[in-house]
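In what follows, a structure is listed as C-alpha cells, so that the remarks can point back to it.
Along the sequence shown, residues are numbered consecutively beginning with 1. What's counted below: heavy atoms across the whole structure, side chains too, no hydrogens, waters or symmetry copies. Because the structure is predicted, anything quoted here is derived from the model rather than measured.
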Amino acid sequence: MAHPTQLGFQDAASPIMEELLHFHDHALMAVLLISMLVLYIISVLMTTKLSSTNTIDAQEIEMVWTIMPAIILIVIALPSLRILYLMDEISNPDMTIKTIGHQWYWSYEYSDFTDLSFDSYMIPTKDLEPGHFRLLEVDNRMVTSIGTAARILITAEDVLHSWAVPALGVKSDAIPGRLNQSSFLIPHPGIYYGQCSEICGANHSFMPIVVEALPVPDFLNWINTAQDA
C-alpha cells in the first residue's frame, strides 16, 4: 500500500514485481552512469582550452562513442526481454479468475468452482468502517490463496478499462470483445489495492480493485461460504 510522500515503488508482493523492481534499479544505474559521464565531458569542455589538433581526425574516439551506446543498450535490453517472457509465461495455472470491467464496477467469475461469481463495487465514503481507505475499499474483494499460480482473464462489457494492481506487477487492458490474460503468485497473506488505469468515463476514479490473499484453508472456507450465499 502506497503512503504519503512515498518516492519509490510499493513493496513487491509477487515474484514478477520483485523482478521489475530489480530491473528498475538496474536501468536507473545505467542512466546515472551515462549522466555522470556526460556531465564530466561538459565540464571538461567548458574549463579546458582546446589547443590540440589531434581531435580533427580521431578514429578511436569515434569507435568508442559508437560501440559504447550499443553495449549499454544490450545490457539494458537483455534483462528487459527476460522479464517480458516471464510475465507472458502462463503454464498450468492452479486457478483461473475472469474479471469483467463495467461502468463503473468489476465482476469476478471463478471458473474452477461452481456458481461462484459476484460484482465488486466501491464502498461510499459515508459507509466506510474505521481503518478502511477512501476510494479504495470494495464490498466484495477478489480473494485468492497464497502460493497459488492464478491466471486472470480480463475483458470489459462496455468501454475500455484497465485492471491494475501495482504491488503484484499486474496491469492489463480490459477490452470489449477481447480476452487478455495475466498471472501472479502471491507468497504471503495480505490485502493489495489497485484501480482502473484507463479513463473510462465520469466515474473512472470510483472503481477500485482489492485482492485479498489468504492461506489455503481460509481460502477454501471462503469458497464454501461464498457458494452458500
Side-chain angles (χ1 to χ4, degrees), residues 1-3 6 9-21 86-87 89-102 104-125 127-155 161-172 174 179-197 206-229:
M1 181 67 190
H3 57 80
Q6 179 174 334
F9 291 98
Q10 297 182 30
D11 293 337
S14 69
I16 289 296
M17 189 59 190
E18 290 180 358
E19 294 286 345
L20 290 172
L21 290 180
L86 287 175
M87 295 177 69
E89 182 67 25
I90 305 176
S91 58
N92 301 322
D94 300 319
M95 180 172 57
T96 299
I97 305 172
K98 183 179 180 181
T99 176
I100 306 171
H102 308 267
W104 288 271
Y105 64 97
W106 297 97
S107 296
Y108 298 101
E109 300 176 1
Y110 288 71
S111 56
D112 299 306
F113 304 94
T114 305
D115 298 328
L116 183 53
S117 62
F118 53 86
D119 298 331
S120 179
Y121 290 87
M122 186 194 76
I123 299 177
T125 302
D127 297 330
L128 289 175
E129 297 179 1
H132 281 182
F133 297 103
R134 178 177 173 270
L135 302 183
L136 288 177
E137 291 292 347
V138 296
D139 55 357
N140 293 306
R141 295 171 175 172
M142 193 198 89
V143 180
T144 184
S145 62
I146 62 174
T148 298
R151 174 175 58 183
I152 308 296
L153 302 179
I154 303 166
T155 186
H161 301 278
S162 183
W163 200 84
V165 182
L168 303 180
V170 176
K171 182 180 184 294
S172 183
L179 273 180
N180 288 331
Q181 68 175 358
S182 186
S183 66
F184 58 80
L185 187 149
I186 305 177
H188 306 292
I191 300 173
Y192 309 100
Y193 295 89
Q195 289 178 301
C196 177
S197 296
F206 308 112
M207 47 184 306
I209 301 159
V210 183
V211 178
E212 183 174 3
L214 299 175
V216 175
D218 295 337
F219 174 71
L220 295 177
N221 292 334
W222 176 84
I223 291 289
N224 294 329
T225 304
Q227 288 178 327
D228 294 338

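- Atom SG in Cys196 sits 13.0 Å away from atom CE in Met122 (nearest 0.5 Å).
- Asp11 CG: 12 or fewer foreign heavy atoms inside a 6.0 Å radius.
- Side-chain N or O atoms of Tyr192 include none that pairs as donor or acceptor with a backbone N or O of Ala213 at under 3.5 Å.
- Contact check for His102 versus Ser107: side-chain heavy atoms found under the 4.5 Å cut-off.
- Two residues are said to be in side-chain contact when any heavy atoms from C-beta on lie closer than 4.5 Å; Leu20 and Phe9 fail this criterion.
- Between Ile123 and Val138, the shortest heavy-atom contact is CD1-O, 3.4 Å.
- A distance of 11.0 Å separates CD of Glu137 from OG1 of Thr125, quoted to the nearest 0.5 Å.
- Between the side chain of Ser14 and the main chain of Leu168, a donor-acceptor pair closer than 3.5 Å is present.
- For the pair Ile16/Phe184, no side-chain contact is recorded, criterion being any heavy-atom separation below 4.5 Å from C-beta on.
- Between Trp163 and Trp106, the angle of the ring planes goes over 60°, which puts this pair in the perpendicular group of the 30/60° scheme.
- Note: Tyr121 and Tyr105 have parallel aromatic rings, judged against thresholds of 30 and 60 degrees for the angle between ring planes.
- The distance from the CZ atom of Arg141 to the CD1 atom of Ile191 is 3.5 Å, given to the nearest 0.5 Å.
- For the pair Ile209/Thr99, no side-chain contact is recorded, criterion being any heavy-atom separation below 4.5 Å from C-beta on.
- Ser120 places a side-chain N or O within donor-acceptor distance of the main-chain N or O of Asn140, the cut-off being under 3.5 Å.
- Side chain of Gln227 to backbone of Leu116: no donor-acceptor contact under 3.5 angstrom is found.
- Put simply, the side chain of Asn180 never gets that close to the backbone of Ile154: no donor and acceptor are under 3.5 Å apart.
- Annotation: side chain of Thr144 is in contact with side chain of Ile186 (closest heavy-atom distance under 4.5 Å).
- Here the side chains of Arg134 and Leu128 are in contact, with some heavy-atom distance below 4.5 Å.
- Listed for the Glu18 side chain is no donor-acceptor partner under 3.5 Å among the backbone atoms of Leu21.
- To the nearest 0.5 Å, atom CD1 of residue Ile146 and atom CG of residue Leu214 are 8.5 Å apart.
- For the atom pair Leu185 CG and Met17 CE, the distance stands at 15.5 Å (nearest 0.5 Å).
- Side-chain contact check for Phe133 versus Val210: every heavy-atom pair is 4.5 Å or farther apart.
- Separation of atoms CD (Glu109) and CG (Leu153) is listed at 10.0 Å; rounding is to 0.5 Å.
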